[in-house]
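Each chain gets a letter, A, B and so on, in the order the sequences are listed, and its residues count up from 1. These numbers were taken from a predicted model, which means no experiment stands behind them.
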There are 2 protein chains.
Amino acid sequence: MPDTTPKPKRELPRREQPRREQIHEVASRLFSERGYHATSMRELAGELGMQGGSLYAHISGKEDLLVQIVNRASQQFDEALLSLRDVNLPADEKLREAMHRHILVVADNMDSATVFFHEWKHLSPEAYTRVTGWRDSIDHFYRDLVTEGMRTGLFRPDLDVKMAALLILSTVNWTYTWFHPQGTLTPRDVADGFADMLLSGLRAR
Amino acid sequence: MPDTTPKPKRELPRREQPRREQIHEVASRLFSERGYHATSMRELAGELGMQGGSLYAHISGKEDLLVQIVNRASQQFDEALLSLRDVNLPADEKLREAMHRHILVVADNMDSATVFFHEWKHLSPEAYTRVTGWRDSIDHFYRDLVTEGMRTGLFRPDLDVKMAALLILSTVNWTYTWFHPQGTLTPRDVADGFADMLLSGLRAR
DNA sequence: CCTACCGATCGGTAGG
DNA sequence: CCTACCGATCGGTAGG
């Protein structure tokens with residue numbers, strides 16, 4: 001298919017993002033702060049310095065925007081975690097690394113992550129199914145990791161795999177509610193701290 | 001003509017239940033399924049078998065409904081946990097009990113809990129402040145619990161109190177996303193399983 | 001990207 | 001609790 005996108009009359013300065021990228025970013029912020037349905041296209045346009053109707057020169061509709069945000073978030077989780085599958089690491093170190101990557105994605109995309117966790121249920125059936133597939137694959141990743149740890153003798157042999165995976169997922173996902181990217185704690189700090197406690201337990205020896 | 005009215009998905013509102021109670025219940029369900037802003041007062045009225053305008057004979061406005069739901073949820077968390085403060089139990093057993101109560105509140109009010117976690121940021125300043133106060137007091141409760149465990153030698157002496165409290169809170173709060181009250185796992189199962197793993201760790205001895 | 005506009009629907013009210 | 005209605009605002013479109 002030929003590219004029918006109209007060429008801009010002049011090159012934008014390099015530090016300026018493409019308009020679509022700006023829209024994505026501002027939409028993520030507004031959707032996360034006010035919620036998807038509570039954000040009007042006119043508010044979004046206003047923050048971008050344009051009129052409401054002008055948005056539709058760049059996007060096809062409001063739902064399209066939500067789908068984009070959620071899709072890109074899923075994709076980032078996917079890339080971060082699934083590439084770890086084949087890495088040759090002991091299960092405990094792999095867990096630490098997975099949690100770090102997982103938290104990094106959340107921390108680097110606090111807005112999209114919030115939208116992702118809050119609005120994915122309200123997507124159209126098609127997009128909904130894709131997100132459900134993502135959730136399953138991430139869940140599967142952590143279950144496999146736990147299973148491997150048990151098989152290699154690094155993890156307790158009596159673990160409930162499903163519950164252990166849920167325990168891990170809870171801690172990394174919930175970061176979207178409290179983490180402050182500008183704070184003193186880095187994603188590395190959080191991942192290391194959480195992984196240590198999860199691996200060794202709170203109880204004194 | 002047969003009655004084609006769709007039956008309510010959960011429990012049939014009991015006839016002797018006050019109207020306000022029914023409204024609260026249905027509103028919780030709709031707000032949790034579709035989101036607060038995406039739910040119209042006419043949909044809510046429809047599910048209750050009345051016309052849109054008739055709702056206002058019972059409530060003062062839509063926001064009032066949200067405030068009620070969030071307030072009652074906060075209250076239930078408060079009652080469940082803060083009464084544990086003065087109970088004389090070793091820290092590990094108290095942790096298990098606190099997690100059980102916490103998860104029980106979520107499990108018994110999946111809809112309100114979802115609304116609570118998703119919409120509290122969108123409340124009016126007054127209600128927002130109250131919820132923030134609740135969050136702080138629950139956070140405080142878990143931090144005190146961890147501190148006590150360290151002081152009495154039951155917990156590792158090198159714990160980061162703040163991080164440990166966040167770890168615990170993550171696991172109990174996140175249950176609102178995956179727990180199924182009709183499933184085979186009971187809140188007791190989840191609390192015991194999670195508490196065991198948190199206390200003893202995933203690592204083999 | 002703007003102006004001007006569409007039908008639909010929103011939360012809420014008046015009067016019964 | 002209903003009927004009838006309000007002004008406001010919604011997402012989106014046409015034509016430039």
What's the [atom1]-[atom2] distance between [X] and [N], to the nearest Å?
X     : N      : atom1 : atom2 : value
A/L66 : D/dG11 : CG    : C1'   : 15 Å
A/K62 : D/dT9  : NZ    : P     : 15 Å
A/H58 : D/dG12 : NE2   : P     : 16 Å
B/D64 : C/dG11 : CG    : P     : 14 Å
B/L30 : C/dG11 : CG    : P     : 12 Å
A/R20 : C/dC1  : CZ    : C1'   : 16 Å
A/L55 : D/dT13 : CG    : C1'   : 13 Å
A/I59 : C/dC1  : CD1   : C1'   : 14 Å

Exercise. Under 4.0 Å between any heavy atoms, over every strand shown, what does B/T39 touch: base, sugar-phosphate, or nothing? Just pick one.
Key: sugar-phosphate
Exercise. May I ask you to say what B/G53 touches in the nucleic acid, namely base, sugar-phosphate or nothing, with a heavy-atom cut-off under 4.0 Å?
Key: base
Practice problem: Could you give me the CA-CA distance, side-chain angles and deciding distance for B/E47 and B/R29, then say whether salt bridge (charged side-chain N to carboxylate O under 4.0 Å, His left out) is met? | Solution: CA-CA 11 Å; B/E47 294 240 356; B/R29 199 184 78 237; 2.3 Å; yes
Quiz item: Between C/dC1, C/dC2, D/dC2, which nucleotide gets closest to the side-chain atoms of A/Q51?
Solution: C/dC2
Quiz prompt | Listed nucleotide nearest any side-chain atom of B/M41, set C/dG11, D/dC1, C/dC1 | solution = C/dG11
Ignoring backbone atoms, test whether [X] places a side-chain nitrogen or oxygen under 4.0 Å from the OP1 or OP2 oxygen of [N].
X     : N      : result
A/R42 : D/dG12 : no
A/Y56 : D/dT13 : no
B/S54 : D/dC2  : yes

Exercise. Map every base of DNA chain D to its dot-bracket character, where paired means a Watson-Crick or G-U wobble contact with both distances under 3.5 Å and | marks a partner outside the strand.
Key: ||||||||||||||||
Quiz prompt | Residues B/R19 and B/Q22: side-chain donor-acceptor under 3.5 angstrom | solution = yes
Self-check item: B/D111-B/S28 side chain donor-acceptor pair, cut-off 3.5 Å
Solution: no
Quiz item: Which word best sums up how the rings of A/F77 and A/F117 line up, parallel for under 30°, tilted for 30 to 60°, or perpendicular for over 60°?
Solution: tilted
Quiz item: Once the angle between the rings of B/H118 and B/Y176 is folded into 0 to 90°, is it parallel (under 30°), tilted (30 to 60°) or perpendicular (over 60°)?
Solution: perpendicular
Quiz prompt | With sequence neighbours excluded, residues passing side-chain hydrogen bond (donor to acceptor under 3.5 Å, both in side chains) with B/D108 | solution = none
Quiz item: Between the main-chain N or O of B/T186 and the side-chain N or O of B/D189, is there a donor-acceptor pair closer than 3.5 Å?
Solution: yes
